[in-house]
Amino acid sequence: MKRIFFLIGLLLPCLAHSGLPNITALRIGDYLPSITTSATVNIPGGKISLDNYKGKLVILDFWATNCSSCIAGLSKLDSLQKLFGDQIQIISVTSEKNNIVKKFYSTTVVQHPPLPTITDDSLLHKYFPYATIPHLVWIDKTGKVISFTYSEYLTAENIRSVLSGNEINLPQKTDKIRDYSLPFLKPDIPLLPEAPTYYSTITGYGEGLVTKSGIDIDSSHQTIRRYATNWSVVELYLMAFNRLVNFPRNQVVLNLANPGRYLYTPDQGYKYDWERKYARCYELRCPLTTTRSELQTYMIQDLNRYLHLSATIKSIPVSCLILKQIIPALQIHHSNNKTSDTTGNDLHVAGSTVSALLYQLNNVQGIPPIIDSSGICKVQNIEINIPHRSIHALKAAFADYGFTLTEEIRSIDMLIITDQPVL
């Protein structure tokens with residue numbers, strides 16, 4: 001799941017609530033006030049009062065229709081709601097307008113009935129401020145706020161623990177609102193005007209910071225600054241090579257003593273726990289005359305030097321899976337692949353085009369690179385649920401849609417990272 005940063009714009013008032021007009025953000029241990037809204041989707045009568053759910057564990061899922069990780073998690077939310085029935089109530093909350101959400105739910109992208117959804121939200125966002133989504137708020141049977149978490153902590157095991165009366169003991173999601181154009185480092189001694197404008201640094205995980213990157217220009221000080229917060233080492237290298245976007249993560253070779261420290265995989269547990277240990281922040285400041293190509297070179301050199309690694313991208317022969325079509329697209333109507341919704345280490349992917357589906361699959365470590373030789377672009381929506389990294393199950397799932405996957409050796413670009421001896 002990649003997290004996104006967005007700004008909440010001015011919204012029309014849509015929620016009525018009791019209490020003071022000045023809203024204070026709620027903290028763990030606070031009680032949710034009475035809130036009613038008529039801007040809803042998939043709610044009988046069209047109006048919802050959160051008071052009606054007292055006696056149940058309530059989970060508010062803040063999301064948006066342009067958040068890929070939010071959309072990917074819809075099937076899990078639906079499955080958990082069905083599993084626990086009247087013991088819990090999961091409610092989706094978005095600042096987007098009602099007609100946009102209704103249109104989204106009506107598309108073939110969504111494979112499961114939508115949960116009760118609050119739209120046009122501004123009030124709940126004030127009670128529960130956040131900078132990244134998905135953002136989950138846990139509220140117990142008495143209406144008390146008990147936790148703020150990332151979506152990966154919403155599991156059947158954790159829900160059962162809360163319903164059993166156990167105190168929730170999960171890492172808390174704490175978003176910080178900061179100006180990312182400001183330098184990370186603040187020297188105790190002010191720099192002189194004639195001081196060198198070069199510096200770079202790599203730090204550990206920044207608690208509460210958004211996974212974000214950018215290039216800022218400071219005309220007044222004649223400097224250019226590149227920064228990245230809370231990325232894996234592999235992603236930092238791809239950023240340095242200008243290949244971060246659309247470079248498949250299964251085209252990464254880690255010839256390292258401890259590869260699990262450089263790229264997250266689901267078998268390592270919760271991603272947030274992994275990030276707190278191994279994610280890195282990077283910052284580079286140079287004179288304004290520095291070119292973008294030079295910024296890339298400096299960043300690669302910094303990563304190699306600071307982390308005692310060596311990285312390159314080059315084309316090498318690799319065993320790949322080649323996707324070919326055996327049934328014309330117009331004859332593909334549905335899949336016989338009826339495996340259950342994704343849980344644990346199962347793999348769930350869905351897409352309305354071949355390229356969209358392969359993009360997801362090619363970002364799964366343990367699956368060989370998949371190359372599209374089908375010759376088609378758009379097909380009716382494909383949804384695949386298989387055991388994680390099971391090539392046999394993947395081939396069977398594609399066969400249900402009229403495709404074959406065959407193994408061939410192809411020369412493709414690979415990111416290769418190796419250890420460097422510490423001198």
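Because only heavy atoms are used, hydrogens play no part in the values below, and waters and symmetry mates are left out as well, while side chains stay in.
Ring orientation note: the planes of Tyr272 and Tyr205 are nearly perpendicular, at an angle over 60° on the 30°/60° scale. A perpendicular orientation is assigned to the rings of Tyr198 and Tyr298, their planes being inclined by more than 60° (bins at 30° and 60°). Below 30°, between 30° and 60°, or above 60°: for Tyr130 and Phe62 the angle between ring planes is between 30° and 60°, a tilted geometry.
Other residues, nucleotides and ligands contribute only 12 or fewer heavy atoms inside 6.0 Å of the NZ atom of Lys126. The number of heavy-atom neighbours closer than 6.0 Å to CG of Asn166, taken from other residues, nucleotides and ligands shown, is above 12. Annotation for Lys395: atom NZ counts as buried by contact number, over 12 foreign heavy atoms lying within 6.0 Å. The local environment of CD in Glu207 is crowded, with over 12 non-hydrogen atoms from other residues, nucleotides or ligands closer than 6.0 Å.
The distance from atom OG of Ser220 to atom CG of Leu288, rounded to the nearest 0.5 Å, is 10.0 Å. To the nearest 0.5 Å, atom CG of residue Leu295 and atom OG of residue Ser200 are 11.5 Å apart. The structure places CG of Leu74 at 10.0 Å from OG of Ser69, a figure rounded to the nearest 0.5 Å. Atom NZ in Lys54 sits 10.0 Å away from atom CG in Asp140 (nearest 0.5 Å). Taken from CG in Asp61 to CD1 in Ile133, the straight-line distance is 9.0 Å, to the nearest 0.5 Å. Of the inter-residue distances, the one linking Thr37 atom OG1 with Leu124 atom CG reads 8.0 Å to the nearest 0.5 angstrom.
Although no hydrogens or angles enter the test, the distance criterion places a donor-acceptor pair under 3.5 Å between the side chain of Ser164 and the main chain of Arg160. With Ser92 contributing its side chain and Leu115 its backbone, the two residues share no donor-acceptor pair below 3.5 Å. For the pair Asp218 (side chain) and His221 (backbone), a donor-acceptor distance under 3.5 Å is present. Looking only at distances, no side-chain donor or acceptor of Thr40 sits under 3.5 Å from a matching main-chain atom of Thr117. Looking at Gln89, its side chain never comes within 3.5 Å of a backbone N or O of Leu57 through a donor-acceptor pair. Judged by distance alone, the side chain of Trp274 and the main-chain N or O of Gly260 form a donor-acceptor pair under 3.5 Å. Proximity of a side-chain donor or acceptor of Gln251 to a complementary backbone N or O of Pro248 within less than 3.5 Å is not detected. No donor-acceptor distance shorter than 3.5 angstrom exists from the side chain of Glu157 to the backbone of Ser161, with no hydrogens or angles considered. Looking at Asn363, its side chain does come within 3.5 Å of a backbone N or O of Tyr359 through a donor-acceptor pair. Between the Asp121 side chain and the His125 main chain, a donor and an acceptor come within less than 3.5 Å of each other.
Using a 4.5 Å cut-off on side-chain heavy atoms (C-beta onward), Ile28 and Phe148 make contact. Using a 4.5 Å cut-off on side-chain heavy atoms (C-beta onward), Ile371 and Leu323 make no contact. Lys56 places a side-chain heavy atom less than 4.5 Å from the side chain of Asp86. Put simply, the side chain of Val233 does not reach to within 4.5 Å of the side chain of Arg261, judged on heavy atoms. In this structure, Ile217 and Ile224 have side chains that are in contact, with non-hydrogen atoms separated by less than 4.5 Å. Side-chain contact between Asn250 and Val364 is absent, with no heavy-atom pair separated by less than 4.5 Å. Counting heavy atoms from C-beta on, the side chains of Ile322 and Leu405 never come closer than 4.5 Å. Contact of the Thr94 side chain with the Val101 side chain is registered, since non-hydrogen atoms from C-beta on lie closer than 4.5 Å.
For the residue pair Asn230 and Thr211, no side-chain donor N or O sits within less than 3.5 Å of a side-chain acceptor on the partner. Inspection of the Thr119 and Asn98 side chains reveals an N or O donor paired with an N or O acceptor under 3.5 Å. For the residue pair Glu96/Thr65, the side-chain donor-acceptor check at 3.5 Å is satisfied. Looking at Asn158 and Thr155, their side chains do bring a donor and an acceptor atom within 3.5 Å of each other. Between the side chains of Tyr282 and Ser213, no donor-acceptor pair of N or O atoms lies under 3.5 Å.
Nearest heavy-atom pair, Tyr127 versus Thr24, reported as atom, atom and distance to 0.1 Å: CD2-O, 3.8 Å. Across every non-hydrogen atom of Thr149 and Pro171, the tightest pair is CG2-O, 4.1 Å. Across every non-hydrogen atom of Pro129 and His135, the tightest pair is O-NE2, 4.1 Å. Heavy atoms only, all atoms of each residue included: Leu309 and Gln420 are closest at O-NE2, 3.0 Å. A pairwise comparison of heavy atoms in Ala240 and Gln296 identifies O-CB, 3.1 Å as the closest pair.
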Item checked: Steps toward side chain to side chain contact (heavy atoms under 4.5 Å, CB included) verdict (Ile168, Tyr153) -> CA-CA 11 Å; Ile168 194 165; Tyr153 294 100; over 6 Å; no
Next item on the list: Take Tyr237 and Leu244 through the side chain to side chain contact (heavy atoms under 4.5 Å, CB included) test and state the conclusion after the steps.
Entry: CA-CA 8 Å; Tyr237 269 116; Leu244 179 64; over 6 Å; no
Margin query: Test salt bridge (Lys or Arg N to Asp or Glu O under 4.0 Å) on Lys277 and Asp273; report intermediate values, then the result.
Written below: CA-CA 7 Å; Lys277 292 181 180 178; Asp273 292 345; over 6 Å; no
Notebook entry, point to check: Please walk me through it: do Ser147 and Gln172 pass side chain to side chain donor-acceptor pair (under 3.5 Å)?
Noted result: CA-CA 7 Å; Ser147 192; Gln172 298 303 295; 2.9 Å; yes
Next item on the list: Apply the test ring-ring contact (aromatic ring centres under 6.0 Å, His included) to residues Tyr278 and Tyr262: give CA-CA distance (whole Å), side-chain angles for both, the deciding distance (0.1 Å), then the verdict.
Entry: CA-CA 7 Å; Tyr278 302 121; Tyr262 302 98; 8.0 Å; no
Item checked: CA sep, side-chain torsions, deciding dist, call: Leu154, Lys76, side chain to side chain contact (heavy atoms under 4.5 Å, CB included) -> CA-CA 9 Å; Leu154 184 61; Lys76 182 180 82 168; 4.2 Å; yes
Checklist line | Test log, rule side chain to side chain donor-acceptor pair (under 3.5 Å), inputs Asp51 and Ser34 | finding: CA-CA 6 Å; Asp51 284 343; Ser34 296; 2.7 Å; yes
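Sorted by first and then second residue, the salt bridge (Lys or Arg N to Asp or Glu O under 4.0 Å) pairs with a member in residues 291-303 read Asp302-Arg305; sequence neighbours excluded. Applying the salt bridge (Lys or Arg N to Asp or Glu O under 4.0 Å) rule to pairs touching residues 221-233 yields Asp216-Arg225, Arg225-Glu283, sequence neighbours excluded.
Ion pairing between a basic and an acidic side chain is recognised when a charged N comes within 4.0 Å of a carboxylate O; Lys173 and Asp175 show such pairing. Look at Lys324 and Asp372 and you find no salt bridge, because none of the NZ, NE, NH1 or NH2 atoms lies under 4.0 Å from a carboxylate O.
Phe241 meets the ring pair (Phe, Tyr, Trp, His ring centres under 6.0 Å) test with no other residue; sequence neighbours excluded.
The only member of Arg249, Lys271, Gln365 that meets side chain to side chain contact (heavy atoms under 4.5 Å, CB included) when paired with Thr265 is Gln365.
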